[in-house]
Amino acid sequence: MDNIITIIIAGIAGLILGFVIAKMLEKSNATQVVSSAKKNAASILKEAKSDAESLKKDKILQAKEKFIELKSEHEKVILNRDKKMAEAEKRTRDKESQVSNELSKNKKLNSELENKKRDYDNRIDFLEKKKGEVEKMHRSQIEQLEVISSLSAEDAKSQLLESLKGEAKTDAMAFIQSTMEEAKMTAQQEAKKVIINTIQRIGTEEAIENCVSVFNLESDDVKGRIIGREGRNIRAIEAATGVEIIVDDTPEAIILSCFDSVRREIARLSLHKLVTDGRIHPARIEEIVRKTTKQIEEEIIEVGKRTVIDLGIHGLHPELIKAVGRMKYRSSYGQNLLHHSREVAKLCGVMASELGLNAKLAKRAGLLHDIGKVPEAETETPHAILGMQWAEKYGEKPDVCNAIGAHHDEIEMTNLLSPIIQVCDAISGARPGARRQVLDSYIQRLKDLEDIAFGFNGVNKAYAIQAGRELRVIVESEKVSDDKAAQLSFEISQKIQTDMTYPGQVKVTVIRETRAVNIAK
């Protein structure tokens, strides 16, 4: 036990001794480290001081250089400012010298003006004195003249005025004569200028109306359905519309031939509806033709309304609007009548404006000037007179009525609007390519053919087809028998032969059709 305690104490003593020794060694090492650190710090401080001295010297040098640079720039600015101030002082001195010179000049001018004013006043006084003397002398001379001529001053004035009036009348007549001659020389030239300016400002279309329309088909198989069994469908279409239908080898097309464009349009639209619907037989054909005819009448009214709206014409009677719409399906020497009337209306508006007249009234008369060419029934009255009668009937102004009636010199012109309508009508019709004279005579021949047929009793419809080589006449079966039909065909052919001039031959075909209709209830 004592040995164990001794060992423990010896161990504790050894530990304490070791700890003391370790502390002493650590202290010696720390002393060495501190001394070395102090040496290093001293060397670093020394280097920092040397670097700071060199940096300080550099900064001082840079500051000196910057100061010198700023000083030189400031001196330049001061020199420039001094220079400008010197120049401004110089200009000021110059202005002062000029002002002083002008003041001296003004003083001289004022003195001169005062002198001139005094001279002027003196002269006025002198003239007043002279004027009094002249008046005295004038009165004395008048008194002497009155004594010598035994005339008073008033009588002398009246004689002088009479002589001056005579001379003035002579001079005025000579002036008027020369002015009229000059006006006659320049009037034609000025009129040409107005007309040329009017023509140049109106864009025109050169389109000739044809007598043939082409109806396109989707396939050639439709041609057989249009012809029908033994040709009954095509005969029914021709009888209902009065249009010749030509079915030839032209692929996917048939030709509609008729001089009347309204009939041709009815036939074209009817064919289109029949082909689209697919049901093609005589009863259906007649129904479609009736509906299409009504549709065309409605379209005519719509065309008339659009035309008057486009031209800015207001307050036109509905019957006149309908007549304007019918112009679309009429032609004058091959020129579409509606296009011609619209063109004349525009020309009249421009020309009236150039001449300082009422442009709206001129447009109105220009549009209506040919409405007499579209009567619903044939008449012997000239179209200008017929158009004037319609215009009077439907409340148009007298100037417009006179312009319509006088544009072909059937009546006397009573206002300036009438010659404008006549000139513009001639401009539109005389334009190269606008009209075709042969077409109009051809259409007139076909109309005459149909009129001859209508002159016989029992005729219901008459159609000139194949360019006038055939006249197809449909008669009423109740009034014309089969024997009478043959006799009627002969009589019509004889009438054509004696009354008309035509090339080749005209075939007259009289068709008598009997129908039995009953209704199952």
Side-chain angles (χ1 to χ4, degrees), residues 209-219 221-247 252-307 318-319 321-331 336-338 374-378 450 454 459-465 472-477 511 513-521:
E209 291 291 305
N210 297 315
C211 292
V212 174
S213 296
V214 178
F215 183 75
N216 296 312
L217 303 170
E218 293 182 358
S219 65
D221 297 337
V222 183
K223 290 183 178 180
R225 295 169 58 194
I226 292 174
I227 294 171
R229 184 181 299 175
E230 297 178 357
R232 64 176 187 173
N233 290 344
I234 196 169
R235 285 199 302 273
I237 295 171
E238 290 179 345
T241 61
V243 174
E244 182 183 5
I245 299 178
I246 302 171
V247 182
E252 299 180 355
I254 61 176
I255 297 172
L256 310 178
S257 175
C258 181
F259 70 92
D260 191 333
S261 55
V262 177
R263 290 188 208 164
R264 196 165 65 246
E265 184 67 10
I266 291 172
R268 187 187 68 80
L269 292 175
S270 300
L271 272 176
H272 177 73
K273 291 179 181 178
L274 289 167
V275 171
T276 303
D277 183 47
R279 294 177 293 168
I280 306 176
H281 53 81
R284 179 68 176 166
I285 288 168
E286 291 178 359
E287 179 186 356
I288 291 295
V289 169
R290 283 196 300 271
K291 291 182 178 179
T292 306
T293 303
K294 186 176 180 181
Q295 178 185 343
I296 289 294
E297 290 175 356
E298 293 174 353
E299 184 180 345
I300 284 172
I301 296 173
E302 186 62 29
V303 168
K305 289 180 179 178
R306 286 201 305 269
T307 301
E319 288 298 324
I321 292 175
K322 189 176 180 181
V324 171
R326 284 202 300 269
M327 291 181 185
K328 179 182 178 182
Y329 301 102
R330 292 289 186 271
S331 61
N336 183 275
L337 193 58
L338 182 59
V374 288
E376 293 182 351
E378 293 296 329
E450 293 181 354
F454 281 118
V459 175
N460 186 20
K461 297 178 182 177
Y463 301 124
I465 61 177
R472 189 165 293 179
V473 182
I474 300 173
V475 297
E476 299 176 8
S477 59
I511 300 172
E513 186 177 62
T514 303
R515 295 189 184 185
V517 180
N518 287 291
I519 300 172
K521 297 182 180 179

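Computed from a predicted structure; not experimentally measured.
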Non-hydrogen side-chain atoms of R264 and R268 separated by less than 4.5 Å: no

Shortest non-hydrogen contact between R279 and L274, atoms and distance: O-CD2, 3.6 Å

Pair E287-R290, salt bridge (charged side-chain N to carboxylate O under 4.0 Å, His left out): steps then yes or no: CA-CA 5 Å; E287 179 186 356; R290 283 196 300 271; 5.7 Å; no

More than 12 heavy atoms from other groups under 6.0 Å of NE2 on H272: no

Gap between atom NZ of K273 and atom CZ of R284 - 0.5 Å precision: 9.5 Å

I255 and I245, any side-chain heavy atoms less than 4.5 Å apart: no

Point-to-point distance, once rounded to the nearest 0.5 Å, from CG of L271 to CD1 of I234: 8.5 Å

Heavy-atom check, side chain of I296 versus side chain of E265, under 4.5 Å: yes

Side chains of I254 and I246 in contact at under 4.5 Å (non-hydrogen atoms): no

Nearest-0.5 Å distance, CD of residue Q295 to OG of residue S270: 8.5 Å

From CA spacing to verdict: side-chain contact (heavy atoms from CB on, under 4.5 Å), L338, V303: CA-CA 10 Å; L338 182 59; V303 168; 3.6 Å; yes

Qualifying side chain to side chain donor-acceptor pair (under 3.5 Å) pairs with a residue from residues 230-241, counting only residues at least two apart or across chains: E238-R472

K305 atom NZ, neighbour heavy-atom count above 12 within 6.0 Å: no

Straight-line distance of I285 CD1 to T292 OG1, nearest 0.5 Å: 11.5 Å

I237/V243 under side-chain contact (heavy atoms from CB on, under 4.5 Å): CA gap, chis, key distance, verdict: CA-CA 8 Å; I237 295 171; V243 174; over 6 Å; no

Salt-bridge present (K294, E297; N to O < 4.0 Å): no

Nearest heavy atoms of A323 and V374, plus distance in Å: O-CG2, 3.6 Å

side-chain contact (heavy atoms from CB on, under 4.5 Å) evaluation trace for V473 with Y463: CA-CA 6 Å; V473 182; Y463 301 124; over 6 Å; no

Distance in Å, N460 CG paired with I511 CD1, rounded so as to fall on 0.5 Å steps: 11.5 Å

Point-to-point distance, once rounded to the nearest 0.5 Å, from NZ of K322 to CD of E298: 10.5 Å

